[in-house]
Amino acid sequence: MARKSLTTSLRNLRVTTFLFLVLLSLHAVIGSGHDYHDALRKSILFFEGQRSGKLPPDQRVRWRRDSALHDGSTVGRDLTGGYYDAGDNIKFGFPMAFTTTLLSWSIIDFGRNMGPELKNAVKAVKWATDYLLKVTAVPDVVYVQVGDAYSDHNCWERPEDMDTLRSVYKIDGSHPGSDVAGETAAALAAASIVFRSRDPAYSRLLLNRAVRVFDFADRHRGAYSSSLRSAVCPFYCDVNGYQDELLWGAVWLHKASRRRRYREYVVKNEVILHAGDTINEFGWDNKHAGINVLISKEVLMGRAEYFESFKQNADDFICSILPGISHPQVQYSPGGLIFKAGGSNMQHVTSLSFLLLAYSSYLSHANKVVPCGETTASPALLKHLAKRQVDYILGDNPLGMSYMVGYGPRYPLRIHHRGSSLPSVQAHPARIRCKEGSRYFLSPNPNPNVHVGAVVGGPNITDAFPDSRPFFQESEPTTYINAPLVGLLAYFSAHP
């Protein structure tokens, strides 16, 4: 009886996978008709609306003004600049660094497909790296957060009006944070590749700083949420541990510097730092799938057989998210959207899709496929899977809604974002104080400032979406949703 049930299950699994592949093929043949270049332009423009600090003369998002111009003054440092992570007014270093790494990776792999938007993508990276250089200027110290999250979340006010606490939090030798320091090192190293030919002196500065920050992260091991729990939890609490960020930082330093010490570090620490754990996770808290995909490129190019086990992990990652044979932690909504438990699901959609596309590109150049039991995942299949997710975001979904603000005829109007939902300084010059913003937060009216390019957390597992500010897990945009999407849209704008 058990054998019969198993046979039936396997047959159903193969049928499900086959039907999905047929649907993908039809989707590819019919085409989606999306303007990927327009979406790319808007996805990069979004970052200008998230800027903190003194805005430059070429600022295109005009409803924003200068903000947080005294950040760092309480500790005698200039910590102005950088990005607000989402719809609030805090500068969280951990997700900002991850955003920077993924924006840089998008340019490294797909910048040639960005056309005139490449210069704007590079500016988006530099706005972040200029800030990351400030927060790492003191040896063995990283300033990892500016702003008190509890104070901020108790108010609904424009960044230009902020009167909430701008507390500064740091890690150092006595209060380690290998996770946020490792990710910061990865961001600086990845960005050094972006600027290598564009600005060699700046590139060298980024790489040298990455080396120093990584060394600090490795010498003083520990999770920053243990050192700074009351400030960073539950907002960007590291629940996954700091080990993956050490490997991630070393992999990017290996890629950026080609120094043997980083290759040896990765090989030596593969097991100790758990490279094969949670392989179908990738985001600001968990770098495992990204580590394995990034390092597999060298294996597929035939010049790093000592990394072979990472390629096996990357293959396993691919198999774990294929529809029909996916891992229990990776589900698909009835409309075909990747879904993982937890808030802000679109962060998983864009990050995992980016890895599908990157790995597809690496496999193509090596003329390889991924064996997944009785199914073979070809580079073309992986591209189709990634494209299906992008098209869902842009409007090919049961609600016919684009989840990118300002793209398409129908998109979220009431996003959970202070600056977007409150009248601009130009429209309402008088200060809007902490609790005075509540009526805008609770209003059923659309946001007065259209935050073009913002991609929200997205629909739930049933493809339902409440276009309402209080539902922040669905309606809040984040920088780390958009960063990998930039690479995806760049590729599909050149290969629709």
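Side chains included, hydrogens not; waters and symmetry mates left out as well; all remaining heavy atoms used.
- Between Leu382 and Ser360, the shortest heavy-atom distance links the atoms CB-CB, 3.8 Å.
- Salt bridge annotation for Asp396-Arg388: absent, with no cationic side-chain nitrogen under 4.0 angstrom from a carboxylate oxygen.
- Side chain of Asp218 to backbone of Leu246: no donor-acceptor contact under 3.5 angstrom is found.
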**Request:** Could you go through the side-chain contact (heavy atoms from CB on, under 4.5 Å) check for Val125 and Phe195 one step at a time?
**Result:** CA-CA 10 Å; Val125 170; Phe195 289 99; 3.9 Å; yes
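- In this pair, Phe354 and Trp105 present their aromatic rings perpendicular. The plane angle is above 60°, beyond the 30 to 60° band.
- Between Tyr36 and Lys387, the closest side-chain pair of non-hydrogen atoms falls below 4.5 Å.
- Other residues, nucleotides and ligands contribute at most 12 non-hydrogen atoms within 6.0 Å of the CZ atom of Arg260.
- For an aromatic pair to be called close, the ring centres must be under 6.0 Å apart, and Phe214 with Trp248 fails this.
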**Request:** Run the numbers on Asn240 and Asn286 for side-chain hydrogen bond (donor to acceptor under 3.5 Å, both in side chains), then give the verdict.
**Result:** CA-CA 6 Å; Asn240 179 61; Asn286 190 320; 3.1 Å; yes
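- By the 30° and 60° cut-offs, the orientation of the rings of Phe472 relative to His416 is tilted.
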**Asked** Where do His254 and Phe307 land on the ring-ring contact (aromatic ring centres under 6.0 Å, His included) test, with the steps shown first?
**Response** CA-CA 12 Å; His254 166 69; Phe307 288 146; 5.7 Å; yes
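- Residue Lys368 qualifies as open at atom NZ: its count of foreign heavy atoms under 6.0 Å is 12 or below.
- Side-chain polar atoms of Gln59 and Arg51 form a donor-acceptor pair below 3.5 angstrom.
- Inter-residue side-chain proximity for Val144 and Val135 is flagged as unmet; no heavy-atom pair is nearer than 4.5 Å.
- In this structure, Arg221 forms no cation-pi arrangement with Tyr242, as its terminal cationic atom is not both closer than 6.0 Å to the ring centre and no more than 45° off the ring axis.
- Side-chain contact check for Lys91 versus Gln145: every heavy-atom pair is 4.5 Å or farther apart.
- With a 6.0 Å cutoff to the six-membered ring centre and a 45° limit on the axis angle, Lys126 counts as a cation-pi contact of Tyr202.
- Counted by atom type alone, Arg414 and Ser468 present zero donor-acceptor pairs between their side chains at under 3.5 Å.
- In this structure, His495 and Tyr491 have parallel ring planes: the angle between them is below the 30° cut-off, well short of the 60° mark.
- Checked options Gln50, Arg469, Glu476; the residue passing with His417 is Gln50 (criterion: side-chain hydrogen bond (donor to acceptor under 3.5 Å, both in side chains)).
- Between the side chain of Ser203 and the backbone N or O of Asp199, no donor-acceptor pair lies under 3.5 Å.
- Scanning all heavy atoms of the two residues, the minimum distance from Val486 to Ser43 falls at CG2-OG, 3.6 Å.
- Other residues, nucleotides and ligands contribute only 12 or fewer heavy atoms inside 6.0 Å of the CG atom of Asn367.
- For an aromatic pair to be called close, the ring centres must be under 6.0 Å apart, and Phe465 with Tyr403 satisfies this.
- Checked against the 6.0 Å centroid criterion, the rings of Phe282 and His288 do not qualify as a close aromatic pair.
- Residues Pro477 and Ile415 meet the side-chain proximity criterion, which asks for heavy atoms closer than 4.5 Å.
- Panel note: side chain Thr101, backbone Ala97; a donor-acceptor pair is recorded below 3.5 Å.
- Nearest heavy atom pair, residue Val266 against residue Ile295, reads CG1-CD1, 3.5 Å.
- At least one side-chain heavy atom of Pro459 sits under 4.5 Å from a side-chain heavy atom of Leu337.
- Closest of all the heavy-atom pairs between Gly49 and Val61 is N-CG2, 3.8 Å.
- Using a 4.0 Å cut-off between a side-chain N of Lys or Arg and a carboxylate O of Asp or Glu, Lys287 and Glu281 do not qualify as a salt bridge.
- One N or O on the side chain of Arg112 and one on the backbone of Asp109 form a donor-acceptor pair closer than 3.5 Å.
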**Request:** For the pair Asp85 and Phe235, evaluate side-chain contact (heavy atoms from CB on, under 4.5 Å) and give the outcome as yes or no after the intermediate values.
**Result:** CA-CA 11 Å; Asp85 70 299; Phe235 313 102; over 6 Å; no
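- Here Asp315 contributes atom CG and Ser320 contributes atom OG; the two are 11.0 Å apart, rounded to the nearest 0.5 Å.
- A salt bridge links Arg60 and Glu48; the closest N-O separation between the charged side-chain nitrogens and carboxylate oxygens is under 4.0 Å.
- Taking 4.5 Å as the limit, some side-chain heavy atom of Tyr407 sits within range of a side-chain heavy atom of Asp38.
- To the nearest 0.5 angstrom, Gln389 atom CD is 10.0 Å from Thr350 atom OG1.
- Ring centers of Tyr83 and Phe47: under 6.0 Å apart, within the cut-off.
- Aromatic pair Tyr265/Tyr262: centroids not less than 6.0 angstrom apart.
- Aromatic ring centres of Phe92 and Trp284: separated by at least 6.0 Å.
- Side-chain contact of Asp467 with Tyr411: a donor-acceptor pair under 3.5 Å is absent, judged by distance alone.
- Ion pairing between a basic and an acidic side chain is recognised when a charged N comes within 4.0 Å of a carboxylate O; Arg258 and Glu298 show such pairing.
- Note that OG of Ser361 is 7.0 Å distant from NZ of Lys297, once rounded to the nearest 0.5 Å.
- Atoms CD1 and CD, on Ile291 and Gln243 in that order, are 10.5 Å from each other to the nearest 0.5 Å.
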**Derivation and outcome, ring-ring contact (aromatic ring centres under 6.0 Å, His included), residues Phe94 and Tyr480** = CA-CA 11 Å; Phe94 199 12; Tyr480 46 89; 10.0 Å; no
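- With values rounded to the nearest 0.5 angstrom, Glu474 atom CD is found 11.0 Å from Met346 atom CE.
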**Message:** Using side-chain contact (heavy atoms from CB on, under 4.5 Å), reason through Phe110 and Leu488 one step at a time and then give a plain yes or no.
**Reply:** CA-CA 8 Å; Phe110 305 111; Leu488 288 157; over 6 Å; no
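- Side chain of Asn345 to backbone of Lys340: a donor-acceptor contact under 3.5 angstrom is found.
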**Prompt:** Given the rule in the salt bridge (Lys or Arg N to Asp or Glu O under 4.0 Å) test, do Arg212 and Asp215 qualify, once you have shown the distances and angles that lead to the verdict?
**Reply:** CA-CA 5 Å; Arg212 192 174 85 188; Asp215 182 54; over 6 Å; no
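- Interatomic distance, CG of Asn269 versus NE2 of His274, reported as 10.5 Å (0.5 Å rounding).
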